Each structure stands twice: as structure tokens, then as C-alpha cells.
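Both backbone and side-chain heavy atoms feed into the values below; hydrogens, waters and symmetry mates do not. No experiment lies behind these values; they were computed from the predicted model shown.
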Amino acid sequence: MAGPLRVAVVGSGPSGIYTAQALVERQGPPQAAVDVLDRLPCPYGLVRYGVAPDHGKIKSLQDTLRRVLEHPRVRFVGNVPVGRDGERGSVGTGELLGLYHAVVYCVGAPADRRLGIPGEDLPGSFSATDFVSWYSAHPDAAALRFALGVRSAVVIGVGNVAVDVARFLAHGADELRGTDVPQAALEALGAGTVSEVHVVGRRGPSRAKFTTKELRELDTLPDAEVVVRRDELALDPAYGDPGALPAVARRNAAVLDGWARRAPLGRARRVRLRFFLRPVAVLGGPEGAVRAVRFERTAPDGRGGVVGTGRHEEIPAELVLRSVGYRGVPLPGLPFDHRAGTVPHAAGRVLRDGAPSPGEYVAGWIKRGPTGVIGTNRPCAKETVRSLLADAGALLGREVSAADPLEALRELLRPSGREPVGWHGWLGIEAAEEELGRRLYRDRVKIPDWEGLLAAARRAG
Ligand code: NAP
């Protein structure tokens, strides 16, 4: 089989990089040459912009991902958004298909799910993903401002993102200085006065989505303690008996029970884990900003869900973070299942009207929805690559432009003044972040805005 098989992977987060890895590490013809495109000038997706800055061990995964991007048959091509065909400043899905034998979309699930309750968008109410983006220095979040000089915050949802944002609200500045959080976020979080963080689940603890390691970590901050109410720890009767609980729910139950039984530690901040409370409305004060969240108490319905009891509770809060999951968004020109928030596919092959679309594939959250840990993306990417390689004969027969796709991409973007950022540009950003850290007497500090990132990339050439 002749080659090389030219593949564009759209998105340089874990699913995109695992896809590139599976493509270039396989033995035998045809060899694949992979361009990993990203709309940002920086690679690594949620590993850079989602994994909490104080999770150094997970962050070190970047070194593994980096080795893939340094492979001789892989090129990182940042600052290339995918938009509509013919649109200025972006490349369309049809245009990509004209440049590559195959395109694998690994664009994740960048939006937040909505609660659909009154007051959701009042000043002071944010999606937790915005808060995560802000302390992770995502350039689209540079202008966000969070009211941290307040007493009480409510986090709605009990997944791992909820645990991350609660921990960040309860952290002191000293604990964050050794991370790469941008300087403005470090100062704002350090000056923060939030002393009550309520993390609220609509179902019971046995249905919580957080994992035990992350849950335990909440109680390791020097100035904060976790508070749990014993009367909210009932196991879900749908499990029949406690032995039927999934292992993670059993481990979580043991941790929560221990916290519920202990005497108060008297620390300055409290993270209050609450259960069986369904959000009904975010309430505004006289100035219009958030003052409380109104919840309805729920009870198990015997089938794993809950029913309302008609009893209500208001939790005062001047800051609300809605942490109810991510949501995929459609890409122009690609089919989309709006209910699932994913692209319809069969083993990674994009389906148009039920039939595989030649040359188009998906992997990661846009394929299977926003669940699982980083490692879940590896088998997911491998499945897609198996499908792609099984199609290789037909893919190599597709008409694609003879030019180097990277040159063609530059040409497409030139009229808008947008310049792709290659690997050297990214190394320039890394060097600039090291330098910024030195000036601030910290380790590496992230550059939080587009201008700074692109200027650092340009300087590196
Ligand atoms: P998630 O795990 O899906 O949790 C979402 C939470 O929001 C659930 O408690 C859910 O409750 C609740 N929820 C959804 N709709 C709601 C509504 N209308 N009203 C009230 N509550 C509602 O989502 P996530 O925390 O954003 O995490 C996304 C993925 O990233 C997960 O796979 C997670 O494990 C992963 N992640 C991992 C780490 C880590 O490993 N350290 C860190 C961050 C994220 P119900 O269950 O009742 O629907």
C-alpha cells in the first residue's frame, strides 16, 4: 500500500494525542504522517486547561504526551480554529478533507451543561468550567472576574470538577504559589475570604460522581475542614443492600461516614458536602447579584433517581459555581446528535444519515460524551484508529491536494493575518512561562492571554 497516509487530528488534548500515537506507532504500511491541529497556540487540551494546577502528578502526563508531539512523523499546528468552509481566519471541515486522506475530530466537550432554572445567569453565578479555565490561564477566560471577597459559595453538582473548584475556593495562597496558576488568579484566590463552601448534590452520596482519592483530598488543606451531615448519608435503597454498592460508592461512603462522626476541627474554612437537595432557583439580592440558592429536598425514588418532597431550603451564597458537567458543541459541517452532545459514529467512523462518511472520524469526548478519566481516551482512540486503518486502502484513493497540507493551511489563513503556531512556537511559550516564573520568584507561571501567548510564540519563530 503506498503512502504516506496524511491524517489531520483536530484537537491536541489527550484523545487527540493518543490518536496520533496510535497512528504513528503502528508497524507496517502505510505509514501515517499526522498533523495535530488546535485552535489554541498551546497543546494538551484539558491536561493544560482542566486538570487542577495542584495535581502535579497528573500534570506530569504532559511529558508522555509531549513525546508523541515530538515524533518525527507528527507536527503540532496550533492557532488553527475549525470553522466554516470559506470563512476567514479558520479552516472548514470540507477544506480539511481536501488536504488530508483522513481527519479525526478530537475536539472534546467545551461547553457547560445548563441547569435550566431561574436566576442561573445572575451576576455572581458562573459555570465551574469558567472558574477552572480562569485559574488554569485559558486565554478565553482572561477577562473573567469572580467575587472571591465574599463569605459563602455554593457549588452545584458532586462530580470531580465540583471537588476541584471547592478545593480551589478553600486553598490558601501559600498552597498555590508552587503551582503554575497565573499571577492574577493567585493574588485573587489568596485575598479571597470565602469561608463557607457548600457542595450540593441532588441525589444521595452513593450516587455521587466524585472518586474517592479526589474526595479525600478535600480534607487535606491546612485551613479547611470538610463537614458532612449524618442525616444526609442514607444509602440509595435501589441498591437493595450495602453489599450491592459499586466499589467507589462504598469507599466514598466510608470516608463520608468518618467525617460525619468526628468533632469539628475549628479551622477557618469549611467545605460542607450536602446531599438530596435539588436546585430550584438562584436568587438575587436588591442589587441584582446572587444572594442565595433555593433547593428542594429530595428523597430516593427506589430506582436510583430522586423525587421532590415539597420541602425547601435556601443556602446563602454570593458566589455560585454550576458544576453539572460538560457538553459537546456542533462543528460546522459535521453531523451532531444534539440530545447526546456527540457526533454520531460507528466505532469512530462519522455517520452521515446512518452511513460512514469517507475520511471522517471522531475520538474522545465528542465521540462518547464527557465521562471517564484521561486514560479512558487511550482505548477510545485506539478503536477509532483501528477503523481508520482498516479503511486505509480506500482513504489513500481519495483525491487530496498534492501540496504539503501545512503550507496549504498557511495559505488559507494568510488573508486573515492568522499564523499557525508550530512546535518551535510552543517551545517559545514554554520558555516565556519559565521566565515569567523566575521574575515572580515562582516556578513556571502560565501566560493567561492570547496576546502574550502569540507574542511568545512569534519571538521563537
Ligand atoms: P460529572 O462527573 O458528570 O458530574 C456532574 C454532577 O452534576 C453530578 O453530580 C450530577 O448529578 C450533577 N448534575 C447534573 N445535572 C444536574 C442538575 N440539573 N441539577 C443538579 N445537579 C446536576 O461531571 P464533571 O464533574 O464535570 O466531570 C466531567 C468528567 O471529568 C468526569 O468524567 C470526571 O471524572 C472527569 N474529571 C476527573 C478529574 C480527576 O480525575 N481528578 C477531575 C475533573 C474532572 P447526577 O448524577 O444526579 O446527574
Side-chain angles (χ1 to χ4, degrees), residues 1-12 15-38 67-78 80 82-83 85-86 90-107 331-335 343-364 366-367 377-413 420 422-423:
M1 223 183 281
L5 185 66
R6 294 201 313 215
V7 182
V9 170
V10 180
S12 66
S15 61
I17 296 184
Y18 288 140
T19 299
Q21 184 176 29
L23 280 164
V24 294
E25 281 186 355
R26 76 177 283 268
Q27 306 296 322
Q31 282 206 327
V34 185
D35 286 345
V36 180
L37 315 184
D38 204 293
R67 282 198 285 280
V68 178
L69 293 181
E70 286 176 338
H71 188 284
R73 276 183 285 118
V74 177
R75 296 185 292 195
F76 170 69
V77 191
V80 179
V82 172
D85 289 340
S90 64
V91 56
T93 48
E95 287 163 340
L96 280 174
L97 267 184
L99 298 176
Y100 294 90
H101 295 114
V103 186
V104 189
Y105 292 94
C106 303
V107 293
L331 271 186
L334 269 199
V343 170
H345 73 95
R349 293 180 178 95
V350 171
L351 296 177
R352 288 181 187 273
D353 301 321
S357 168
E360 292 183 308
Y361 300 84
V362 280
I366 197 65
K367 171 184 171 188
N377 290 297
R378 198 188 264 270
C380 176
K382 280 187 172 165
E383 181 196 52
T384 296
V385 168
R386 266 197 305 277
S387 298
L388 191 157
L389 292 171
D391 301 343
L395 293 174
L396 282 166
R398 288 191 54 247
E399 284 277 301
V400 296
S401 151
D404 175 359
L406 189 47
E407 275 316 306
L409 281 175
R410 281 190 205 287
E411 271 310 303
L412 262 175
L413 296 173
W423 189 243

Validation row: Val9, Leu37 side chains within 4.5 angstrom (heavy atoms):
no
CG of Leu412 to CD of Glu407: how many Å apart, nearest 0.5 Å?
11.5 Å
Nearest 0.5 angstrom please: Leu23 CG to Arg73 CZ, how far?
9.5 Å
For the residue pair Asp391 and Leu389, establish whether any side-chain heavy-atom pair is separated by less than 4.5 Å.
no
Audit row: Asp38, Ser12, side chain to side chain donor-acceptor pair (under 3.5 Å) steps and yes/no
CA-CA 6 Å; Asp38 204 293; Ser12 66; 2.6 Å; yes
Before you tell me yes or no, could you show the steps for Leu96 and Val82 under side chain to side chain contact (heavy atoms under 4.5 Å, CB included), namely the whole-Å CA-CA distance, both residues' side-chain angles and the distance that decides it to 0.1 Å?
CA-CA 9 Å; Leu96 280 174; Val82 172; 4.1 Å; yes
Would you please test His71 and Gln21 for side chain to side chain contact (heavy atoms under 4.5 Å, CB included) and show each step?
CA-CA 9 Å; His71 188 284; Gln21 184 176 29; over 6 Å; no
From Ile366 atom CD1 to His345 atom NE2, the distance as rounded to the nearest 0.5 Å:
10.0 Å
Heavy-atom distance under 4.5 Å between the side chains of Asn377 and Lys367, does that happen here?
no
Can you give me the closest heavy-atom contact between Gly86 and Glu95, atom names plus distance?
N-OE2, 2.8 Å
With a cut-off of 3.5 Å and sequence neighbours excluded, list every side-chain donor-acceptor pair involving residues 98-106.
| from | atom 1 | to | atom 2 | distance (Å) |
| --- | --- | --- | --- | --- |
| Tyr100 | OH | Asp35 | OD2 | 2.6 |
| His101 | ND1 | Arg6 | N | 2.8 |

Please determine whether a side-chain nitrogen of the Lys or Arg among Glu70 and Arg67 lies less than 4.0 Å from a carboxylate oxygen of the Asp or Glu.
no
Min side-chain heavy-atom separation Pro420-Leu413 under 4.5 Å
yes
State plainly whether the residues Glu360 and Arg349 are in salt-bridge range, i.e. N to O under 4.0 Å.
no
Closest approach of Ala347 and Ser387, non-hydrogen atoms and distance?
O-OG, 2.6 Å
Under the side chain to side chain contact (heavy atoms under 4.5 Å, CB included) criterion, do Leu5 and Val7 qualify, and how do the steps go?
CA-CA 6 Å; Leu5 185 66; Val7 182; 4.1 Å; yes
Over all heavy atoms of both residues, which pair between Ala363 and Ser15 is shortest? Give the atoms and the distance, please.
O-OG, 3.9 Å
Nearest-0.5 Å distance that lies between atom CG in Leu395 and atom OH in Tyr361
4.0 Å
When every non-hydrogen atom of Asp85 is compared with those of Thr93, the smallest separation belongs to OD1-N, 3.3 Å
Which atoms form the tightest heavy-atom contact between Ala20 and Val34, and what is the distance?
CB-CG1, 4.0 Å
Going by heavy atoms in the side chains, are Thr19 and Val36 under 4.5 Å from each other?
no
